[in-house]
Amino acid sequence: MTRGFYVGRFQPYHKGHHNVIDEISDSLNELVIGIGSADKSHTRRNPFTAGERYVMISRAVEELDITTHIVPIEDIDRNAIWVSHVQSLCPPFDIAISNNPLVIQLFQDTDVEVREGPIFDRSRYQGTRIRELMIQQEKWEHLVPDPTVEAIHEVGGVTRLRQVVESDDFNGQRE
Ligand code: NAD
């Protein structure tokens, strides 16, 4: 039995993430999905709460043929102990899958097996780009699974993101 671990901020959960999970599912029995930066929301980079991201992901993975466990994970100040922090919150896992260089390095440094995942059209499926399309009032819905569209509409997520950006601009902030 092999249980994998895949972490992301999922701001929002998009088709790139979904295709990765679908593809890596073939070689795993179970997958722990870590919702990173669970303490962050209502910012330009992290507009959605951990609970909102939980809804996006849990509804989307229902169609996939794998058992998943979704665990919100708050950020901590010290990168050197982040892997222990993750392990203290999650069901035990055998392998981590990531394309984030810092995440890969932290797992390697703590001798946890880590594998790079496949990449799906990163120029299209990228959280920063999708959030920018929302801000510019352009079409973004085709870049995410339907449950993400529903979850964002349910909470007025696009309006929230635009308000956060307006507020940041008003206060002279960019992040
Ligand atoms: P993300 O949502 O941007 O990406 C999640 C994963 O999906 C990454 O591996 C990324 O490479 C991959 N991905 C994105 N687009 C893709 C595409 N089109 N095709 C295939 N793969 C794609 O999230 P992230 O920022 O990488 O998440 C890492 C999380 O870990 C963050 O929440 C970060 O804060 C957290 N973290 C925290 C600490 C700490 O607290 N000290 C340390 C390290 C990491």
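When a ligand or atom number is given, it counts from 1 through the structure's own listing order. For the numbers below, each heavy atom of this structure counts, side chains included, while hydrogens, waters and symmetry mates do not.
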Numbering as shown, the atoms of ligand 1 that approach [X] to under 4.0 Å (heavy-atom distance):
| X | result |
| --- | --- |
| V20 | 20 (C), 21 (N) |
| S98 | 9 (O) |
| H14 | 15 (N), 16 (C) |
| G36 | 32 (O) |
| S37 | 31 (C), 32 (O), 33 (C), 34 (O) |
| L106 | 42 (C), 43 (C) |
| P118 | 20 (C), 21 (N) |

request  = Check whether any heavy atom of Q126 sits under 4.0 Å from an atom of ligand 1.
outcome  = no
message = To the nearest 0.5 Å, what is the distance between NE2 on H14 and OH on Y125?
response =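 Answer for the NE2-OH pair, H14 versus Y125, is 10.0 Å.
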request  = Answer side chain, backbone, both or neither: which part of N19 comes under 4.0 Å from ligand 1, heavy atoms only.
outcome  = neither
query = Can you tell which part of L102 has a heavy atom less than 4.0 Å from ligand 1: side chain, backbone, both or neither?
reply = side chain
Who's the nearest protein heavy-atom neighbour of [atom], and how far?
| atom | value |
| --- | --- |
| atom 15 (N) of ligand 1 | R122 NH1, 2.8 Å |
| atom 3 (O) of ligand 1 | R9 NH2, 4.2 Å |
| atom 42 (C) of ligand 1 | N79 OD1, 3.3 Å |

inquiry  = Using 30° and 60° as the class boundaries, would you call the ring planes of H18 and Y13 parallel, tilted or perpendicular?
reply    = perpendicular
key: Shortest non-hydrogen contact between F5 and L31, atoms and distance   = N-CD1, 3.9 Å
